[in-house]
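Some notes on the structure that comes next.
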Number of protein chains: 2
Amino acid sequence: MAKVKETLVKTTPPGEDADDIGEIRDIVGFHLRLAHGAVYRHFTETFAELDLTQKQVSVLWLVDDHPGIAQTGLAQRMRMDRATTMAIVNRLEARDLLQRGKSDTDGRKQTLHLTVAGKAMLATAKEAIRAHEEWLKSRYTAREVAVLIELLTRLHE
Amino acid sequence: MAKVKETLVKTTPPGEDADDIGEIRDIVGFHLRLAHGAVYRHFTETFAELDLTQKQVSVLWLVDDHPGIAQTGLAQRMRMDRATTMAIVNRLEARDLLQRGKSDTDGRKQTLHLTVAGKAMLATAKEAIRAHEEWLKSRYTAREVAVLIELLTRLHE
DNA sequence: TATTGTTATACTCTATAACTATA
DNA sequence: TATAGTTATAGAGTATAACAATA
């Protein structure tokens, strides 16, 4: 479990520390956090004009794919709790991109739908996503993209 | 560029949407965000008793690896701006885990060092990191871990 | 009892801007 | 001029707790 990196990753030069656990560059979580941060920053730049965050775009997209979805359904797909979901839905509703309705079958549930403005915003957002994804994918082969998605999926499934 | 997923990832069932850009599950950034969130949550649980965040542990670790590092050096390695770095260093200094000093060669710079308590905390944190990483790596082969790190590194290098 | 939505609260992360001191 | 640190500010994400309405 300690001699793996030599196979694919460039060998670590003799470290100044010989700890039990190794170096911070061998920690998967460290790289995941840095990678997420880098992508987050590029996303924010790409979406500065639209003034949308990753989460907000994801919510618009998911509501469009699943019209009438309840907030809890959204929370499950986004891996968020109810309070966080509320906050995001509130912001989108305040901007008239999304609207709440009452469920016919379950009085406790809200039904979520995009407004006309929301659908237009999503269409624009998808264009920006395409540019953002191309920037991201530019450093990978098509095969590597598939592998990366597969490996990442195992972390949140 | 659209027929890649069949090779490695399970085929997408006929979607209800036939958009230009495809489905949200084909977006790398979407999976990266979910994966990061899942790992972030597990990290938080693991470090609840120590009351340390990912960033704080990373800072302690990096300062220990590079004694006397300046805040800007820390910011570069962490991909953070100066203000964010300040906030984190302030918290760690307030808890007496880290201390600031003046640089001999450059009056503008701070030199950062761990306190005795900071070194003890880092040692404990590394044990928790080991458990956290084992949870994370449990779903991968050693080869896959190396591949994942290599692919993630390309996003933040 | 369990679920859903809601509200309130608090902390962290992130970024920007403006200021001071030093190079 | 540029760099390093500092301070203030603001928005967003994350989580917890408690409450009301409904199943």
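Just so we're on the same page: letters track the sequence lines, and every chain starts at 1. The analysis underlying the following values was restricted to heavy atoms, covering all of them including side chains, and did not include hydrogens, waters or symmetry mates.
- When each of A:Ala70 and A:Gly37 is assigned the nucleotide of DNA chain C with its nearest heavy atom, A:Ala70 is the one assigned upstream, toward the 5' end.
- In this model, the phosphate group of C:dT6 is approached by a side-chain N or O of A:Arg100 to a distance below 4.0 Å at OP1 or OP2.
- One finds a side-chain N or O of B:Arg91 lying less than 4.0 angstrom from the OP1 or OP2 phosphate oxygen of C:dC13.
- By the 4.0 Å N-to-carboxylate-O rule, A:Arg139 lies too far from A:Glu144 to be salt-bridged with it.
- Close to C:dC13, at under 4.0 Å from its OP1 or OP2, lies a side-chain N or O of B:Thr53.
- Put simply, A:Thr44 has no side-chain N or O that comes within less than 4.0 Å of OP1 or OP2 on C:dA15.
- C:dT12 atom P lies 15 Å from atom CE of B:Met86, rounded to whole Å.
- Between the CG atom of B:Asp81 and the C1' atom of D:dT9 there is a distance of 13 Å, given to the nearest Å.
- For the residue pair B:Asn90 and B:Arg100, a side-chain donor N or O sits within less than 3.5 Å of a side-chain acceptor on the partner.
- Checking B:Tyr40 against B:Gly73, the closest nucleotide of DNA chain D that is more toward the 5' end is the one next to B:Gly73.
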Problem set entry | Stepwise side chain to side chain contact (heavy atoms under 4.5 Å, CB included) test for B:Gln71 and B:Arg82 | CA-CA 7 Å; B:Gln71 284 180 192; B:Arg82 290 173 294 165; over 6 Å; no
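- Spacing between atom CG of A:Leu112 and atom C1' of C:dT4 amounts to 12 Å, rounded to whole angstrom units.
- Look at B:Thr85 and you won't find any side-chain N or O under 4.0 angstrom from OP1 or OP2 of D:dG5.
- OP1 and OP2 of C:dC13 both lie 4.0 Å or more from every side-chain N or O belonging to B:Gln54.
- Mapping A:Thr111 and B:Met80 onto DNA chain C by nearest heavy atom places A:Thr111 at the nucleotide closer to the 5' end.
- Taking atom CD on A:Gln110 and atom P on C:dT7, their separation rounds to 10 Å, with Å as the unit.
- A donor-acceptor pair under 3.5 Å links the side-chain atoms of A:Gln56 to the main chain of A:Thr53, judged by distance alone.
- Side-chain atoms of B:Arg82 and base atoms of D:dA4 include a donor and an acceptor less than 3.5 Å apart.
- In this structure, A:Met78 places its CE atom 16 Å from C1' of D:dA15, rounding to the nearest Å.
- Interatomic distance, CD of A:Gln54 versus CG of B:Leu34, reported as 10.0 Å (0.5 Å rounding).
- Here C:dC11 presents its P atom at 16 Å from CG of B:Asn90, a figure rounded to the nearest Å.
- Spacing between atom CG of B:Leu52 and atom C1' of C:dC11 amounts to 14 Å, rounded to whole angstrom units.
- Annotation: of the two residues near DNA chain D, A:Gln56 and A:Ala83, the 5′-most nearest-nucleotide partner is A:Gln56.
- By the 30° and 60° cut-offs, the orientation of the rings of B:Phe43 relative to B:His132 is perpendicular.
- Side-chain proximity of B:Gln71 to the nucleotides C:dA23, D:dG5, D:dA21 is greatest for D:dG5.
- No contact: A:Ala87 has no heavy atom under 4.0 Å from any strand.
- Here the nucleotide nearest the side chain of B:Lys109, chosen from C:dA15, D:dG5, D:dT22, is D:dG5.
- If you take CD1 of A:Ile88 and P of C:dG5, they are 14 Å apart, rounded to a whole angstrom.
- Looking at heavy-atom distances under 4.0 Å, B:Thr84 makes contact with a base.
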